[in-house]
Visitor: 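Input: one structure, supplied below.
Proteins get letters first, then strands, A, B, ... in listed order; numbering begins at 1 in each.
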Amino acid sequence: MTTPQNSAGAAAPAPVLAVDLVTDPAALPALGALARALEAAGIGALTLSDGGLHPVHVAAHLAPATTALGLLPRTDAVHVEPFHLATQLMSLDHVAAGRAGWLLAVEDTPEAAHAVGREVLGAEAAAQEAADVLTASRLVWDSWAEDAEVRDAERGLYIDAARLQYADFEGETFSVRGPAITPRSPQGVLPVLLADADRAAAGEKVAEQLADGRALDVDLTGLDLTSPDLTDPQAAGDQLRAVVAGELEAAVRGDGASAVRLVRLVGLDLSGDPQALAARLGALAASLREDDLVAPAPAAGTDLRAQLGLPAAVRDEDPARRADRARLAAAASTTEESR
Amino acid sequence: MTAVPTLPALSEEAQGLATGPVEHPLHPEHTPTGQLSFGAFFQGVNSSTVWRSERSGSQIAWESFETLIRTAERGRFAAFFLGEGLRLREHRGVPLELDVAGRPDAQTLLAGLAAITESIGLVATQNTTYNDPVDLARRLQTLDLLSGGRAGWNIVTTDNAWTGENFRRGGYLDHEDRYVHAEAFVKVAQQLWRGEQIDHHGQHYDVAARGTLPRSAQGEPVLFQAGASPAGQAFAGRTADVIFSPHGTLAAAADFRRSVVDATIAAGRDPQAVKILPGAEIILGATDAEAEEKRIWVRDHQIGPQQAIALLEQYWGRDLSDFDPDGPLPDVEPEIEQSDVTRGAGFQFAKAKELTAAWRAEAAEKGLSILEFAREKSGARRGEFVGSYDRVADRLGQFAALGAIDGLNITPWLIPSGLDDIVDHLVPRLQERGIYPTEYAGTTLRENLGLPPVQG
């Protein structure tokens with residue numbers, strides 16, 4: 001296997017170690033304790049895969065209980081109202097103080113389509129839809145400037161419309177006017193990653209151009225972290241390390257949209273004692289960090305973009321989409337008339 | 001009962017006092033519980049929240065929501081409400097800059113708040129027009145499970161194409177079809193919650209799905225509804241657990257109770273089945289005079305000269321910036337162009353001419369300036385309870401004894417400290433009078449509102 005060179009300056013740092021939680025309602029009672037224990041053990045992020053409970057809400061529920069963990073719901077981009085999804089995700093970023101990300105999924109099953117009264121799109125159309133929903137979401141997230149809320153008592157202005165812009169997104173199957181109903185979130189634009197499990201369905205455009213990076217999936221299905229053989233966390237950590245390090249070393253690290261920014265441990269049975277599970281996974285994290293195979297444990301208050309090695313989002317200001325354009329146009333036409 | 005002295009400084013409307021003798025019981029089929037529940041309604045938009053104050057905190061920071069909901073839970077509030085945004089309000093084609101704007105997605109925030117609270121209900125306003133029923137129902141059920149049975153859904157409808165510009169369907173629903181659509185929508189949601197096979201083929205959508213999540217501790221989310229129109233009341237009679245339309249006077253509240261009980265009976269339900277928690281603003285002081293002073297301060301800070309002009313511009317549909325806010329109402333005719341109205345206000349354009357003429361006459365008769373008129377209108381719309389702690393407690397005691405209401409859904413006028421004096425001074429007085437809970441009755445919203453177990 002050849003390893004292509006990352007383009008100069010765009011090299012991704014060592015990826016963040018994430019654990020995937022499936023949002024099964026049976027897991028609910030222990031969920032908060034598990035998230036806190038994993039955070040204390042130095043895990044970098046949780047991804048929330050859909051097991052019934054809505055992943056965005058489960059992520060929001062875990063946010064107040066944690067201070068450093070990245071929280072990435074893995075949720076469908078296709079059979080959704082793009083404006084609602086964008087609002088939910090940026091709201092998660094508010095609740096999580098900048099620790100939110102989106103693991104974009106593409107569900108083109110008959111069940112998903114019929115639940116919203118649509119027909120199965122087919123691979124190509126579903127991929128295009130996902131690309132459009134992602135693009136529209138970013139336009140919504142980016143629609144308020146950080147300083148849009150001016151609270152200028154003198155002029156009587158709570159917000160300054162000149163610091164907002166419309167999304168003005170026109171896709172093939174939907175359009176979104178904007179601006180967001182929600183002020184700019186702490187990260188401004190959320191990091192959007194694509195897990196290996198979703199790579200094929202998401203299509204080339206999302207995978208190779210639009211995503212902020214790749215989540216390398218390491219499947220640990222069948223591994224029993226609580227088996228008597230693994231009562232010693234160190235022994236468990238070593239056994240896990242053998243699998244995870246091997247996959248990490250074999251993976252093409254990639255660059256741009258394909259850069260591996262997250263390592264996602266999937267298929268783990270997390271139904272046991274949270275402290276015991278966290279001790280074993282913590283030993284794995286420590287072991288991987290000895291060789292800089294994964295990023296350091298995040299400090300409280302680190303935003304997810306920084307943890308993933310992504311630059312802070314810079315707002316893309318577009319004069320044509322300024323939210324006060326109607327007023328500007330009216331003023332211009334008045335000036336014209338008075339000439 | 002304590003005699004209520006007349007307060008010349010307070011309008012009757014502002015006091016929410018009875019305007020005449022009220023029959024008791026209000027309805028032969030309705031038995032008052034004599035008890036009240038409170039909800040806290042975080043508006044997140046419009047002029048109800050004072051932002052021109054040093055004490056006004058962030059409208060979006062987690063800490064604001066945390067402070068507010070912890071105060072409400074300390075005061076044994078039954079529920080914490082969040083509104084829903086579908087499109088940022090605009091005025092004359094530009095996002096409205098004068099009022100508080102910008103709020104989070106209701107359910108995402110409530111899912112977070114569920115983690116830091118134990119007993120208070122978590123209610124999200126969610127519309128039936130621009131949501132998919134299966135998706136919305138699943139999210140509500142998720143919130144219900146995450147909170148251990150504390151979720152509520154405030155069902156609203158909308159129909160304008162301007163809002164639709166943010167959504168797949170655009171403007172697709174006729175105004176008169178709103179409740180037909182809403183009712184079919186709610187039925188699909190209930191089927192999902194009950195794990196039934198959904199195979200809905202209706203006028204507005206086709207849905208096939210099956211619920212997979214377990215029942216919550218309260219069975220399923222509590223249904224709130226705000227519609228005060230006849231169609232809205234009929235819908236509520238068939239569907240809702242709680243109604244929270246505002247009405248400023250005891251007489252109006254009594255009338256509303258009668259008509260809601262009628263609608264509930266007509267739908268074949270128990271006459272006690274629907275609770276009424278009108279929206280209200282409570283302004284308190286140690287004395288009546290202090291409360292009145294505060295009321296004036298609040299109103300002045302809610303509605304400034306620019307908001308007063310903007311309010312009239314909504315109805316006149318034209319630029320009125322040349323008119324003096326301290327002068328009489330504009331003597332020009334409205335231009336009822338859709339493009340010139342602050343969207344999201346739900347205003348019927350056809351009524352503009354009639355309404356503006358009536359307002360001109362009313363303001364002239366009362367000798368009110370534009371600013372004074374706008375402030376009066378806004379207070380009346382909100383339903384106010386103003387006075388000393390004891391006065392408001394006594395007045396609420398009257399409402400409770402008659403069974404006109406089952407509680408109030410209170411909009412704090414300051415974030416995040418706007419519930420402090422209510423919880424510290426009013427709630428203990430209501431508890432002393434035996435008309436307000438000293439502890440939560442149970443762990444679910446349904447229990448804490450005194451609702452029967454869910455049917456179905």
Side-chain angles (χ1 to χ4, degrees), chain A residues 23 25 28 32 52-54 56-65 79-84 87-92 94-97 111 114-117 144 148-151 153 155-161 164 167 173-183 323-327 330, chain B residues 45 51-52 56 59-62 66 84-88 90 92-116 130-132 134-135 138-139 141-143 145-146 165-168 170 198 205-209 212-214 304-307:
Chain A
T23 63
L28 243 183
L53 299 169
H54 199 293
V56 174
H57 296 338
V58 174
H61 191 64
L62 295 177
H79 299 292
V80 292
E81 272 294 354
F83 187 79
H84 285 321
T87 307
Q88 289 155 14
L89 287 167
M90 73 192 292
S91 298
L92 173 64
H94 278 289
V95 174
E111 291 75 23
H114 296 163
V116 293
W144 288 52
E149 185 187 308
V150 292
R151 296 203 185 208
R155 292 160 67 212
L157 302 182
Y158 182 81
I159 54 170
D160 179 356
L164 304 180
T173 65
F174 69 92
S175 57
V176 174
R177 177 66 61 220
I181 58 152
T182 308
D324 62 344
R325 63 192 173 193
R327 186 163 58 204
Chain B
V45 294
W51 60 264
R52 293 176 194 75
S56 168
Q59 290 282 320
I60 188 70
W62 169 257
E66 184 176 12
E84 176 192 44
L86 298 172
R87 183 159 179 182
L88 211 56
E90 291 187 358
R92 303 177 64 74
V94 175
L96 182 65
E97 296 167 303
L98 309 177
D99 291 346
V100 161
R103 52 183 167 179
D105 173 66
Q107 289 204 65
T108 304
L109 189 83
L110 293 174
L113 293 175
I116 61 158
Y130 294 113
N131 274 299
D132 286 302
V134 169
D135 173 62
R138 177 164 83 115
R139 286 190 285 117
Q141 198 172 13
T142 297
L143 180 63
L145 288 163
L146 288 174
E165 286 185 15
N166 278 338
F167 300 100
R168 289 182 181 274
I198 302 162
Y205 50 82
D206 302 285
V207 177
T212 59
L213 291 171
Q306 288 154 302
Q307 276 105 339

Visitor: Which one wins on heavy-atom pair count under 4.5 Å against chain B: A:P82, A:A65, A:P183, A:G117?
Guide: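 Result: the option with the highest number of such pairs is A:P183.
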Visitor: Can you tell which of B:P104, B:G304, B:P214 has the highest number of heavy-atom pairs within less than 4.5 Å of chain A?
Guide: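 It is B:P104.
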Visitor: Name the region of B:A209, side chain, backbone, both or neither, that has any atom closer than 4.5 Å to a heavy atom of chain A.
Guide: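 For B:A209, the side chain is the part near chain A, not the backbone.
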Visitor: Of the listed residues (A:A161, A:A326, A:G32, A:A97), which shares the most heavy-atom pairs with chain B below a 4.5 Å separation?
Guide: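 Maximum pair count with chain B is reached by A:A161.
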Visitor: So which of B:R87, B:E66, B:R139 has the biggest tally of heavy-atom pairs under 4.5 Å with chain A?
Guide: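 Heavy-atom pairs under 4.5 Å are most numerous for B:R139.
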Visitor: Suppose we screen for ring-ring contact (aromatic ring centres under 6.0 Å, His included). Which residues come up paired with A:H61, at least two apart in sequence or across chains?
Guide: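 By the ring-ring contact (aromatic ring centres under 6.0 Å, His included) rule, A:H61 matches no residue at all.
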Visitor: B:R168 versus chain A, heavy atoms under 4.5 Å apart: side chain, backbone, both or neither?
Guide: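 Contact with chain A: backbone and side chain both.
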Visitor: Can you tell me which portion of B:Q59 sits under 4.5 Å from chain A's heavy atoms? Options are side chain, backbone, both or neither.
Guide: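 Both parts, heavy atoms under 4.5 Å.
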Visitor: Between chain A and each of B:D206, B:N166, B:V134, B:D105, count heavy-atom pairs under 4.5 Å; write down the option with the most.
Guide: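 With the most close heavy-atom pairs to chain A, the winner is B:N166.
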Visitor: Just do the side-chain contact (heavy atoms from CB on, under 4.5 Å) check on A:H54 and B:Q107 with the steps written out, would you?
Guide: CA-CA 11 Å; A:H54 199 293; B:Q107 289 204 65; over 6 Å; no
Visitor: Counting heavy-atom pairs closer than 4.5 Å to chain B, which one of A:E149, A:R325, A:R155 comes out on top?
Guide: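 Going by pairs under 4.5 Å, I would pick A:R155.
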Visitor: With a 4.5 angstrom heavy-atom cut-off, which part of B:L86 approaches chain A: side chain, backbone, both or neither?
Guide: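 Contact with chain A is through both the backbone and side chain of B:L86.
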Visitor: Under a 4.5 Å heavy-atom cut-off, does chain A meet the side chain of B:R138, its backbone, both or neither?
Guide: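 Contact with chain A is through the side chain of B:R138 alone.
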Visitor: B:Q306 versus chain A, heavy atoms under 4.5 Å apart: side chain, backbone, both or neither?
Guide: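 Side chain only.
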Visitor: Which atoms of B:W62 are under 4.5 Å from chain A, going by heavy atoms: the side chain, the backbone, both sets, or neither?
Guide: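 Contact with chain A is through the side chain of B:W62 alone.
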Visitor: When only pairs under 4.5 Å are counted, which of B:L143, B:D99, B:I116, B:V45 shares the most heavy-atom pairs with chain A?
Guide: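 Of the candidates given, the most pairs with chain A belong to B:D99.
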Visitor: Could you look at B:L98 and say if it's the side chain, the backbone, both or neither that has a heavy atom under 4.5 Å from chain A?
Guide: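 Contact with chain A is through both the backbone and side chain of B:L98.
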Visitor: Under a 4.5 Å heavy-atom cutoff, which of A:G52, A:A148, A:A153 has the most pairs with chain B?
Guide: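 Highest number of pairs under 4.5 Å: A:G52.
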Visitor: Please identify, among A:R177, A:E111, A:H114, the residue contributing the most non-hydrogen atom pairs under 4.5 Å to chain B.
Guide: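 Highest number of pairs under 4.5 Å: A:R177.
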Visitor: Do you know which of A:V150, A:L53, A:T173, A:D160 has the most heavy-atom pairs under 4.5 Å to chain B?
Guide: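 Most heavy-atom pairs under 4.5 Å with chain B: A:L53.
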Visitor: Which value, rounded to the nearest 0.5 Å, describes the distance between B:E97 atom CD and B:Q307 atom CD?
Guide: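 The CD atom of B:Q307 is 11.5 Å from CD of B:E97, to the nearest 0.5 Å.
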Visitor: For each of B:V207, B:L146, B:T212, tally heavy-atom pairs with chain A at distances under 4.5 Å, and name the one with the top tally.
Guide: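 Top count of heavy-atom pairs under 4.5 Å with chain A: B:L146.
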Visitor: Identify which part of A:F174 has an atom lying under 4.5 Å from any heavy atom of chain B, answering side chain, backbone, both or neither.
Guide: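 Side chain of A:F174 only, per the 4.5 Å heavy-atom cut-off to chain B.
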Visitor: Using 30° and 60° as the class limits, which term best fits the ring planes of A:F83 and B:F167: parallel, tilted or perpendicular?
Guide: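 A:F83 vs B:F167 ring planes: perpendicular.
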Visitor: If you count heavy-atom pairs under 4.5 Å with chain A, which of B:I198, B:N131, B:L109, B:D135 comes out on top?
Guide: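 Answer, by heavy-atom pair count under 4.5 Å with chain A: B:N131.
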Visitor: Measure distances from A:A323 to the heavy atoms of chain B and classify the residue's part below 4.5 Å as side chain, backbone, both or neither.
Guide: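 Both backbone and side chain of A:A323 come within 4.5 Å of chain B.
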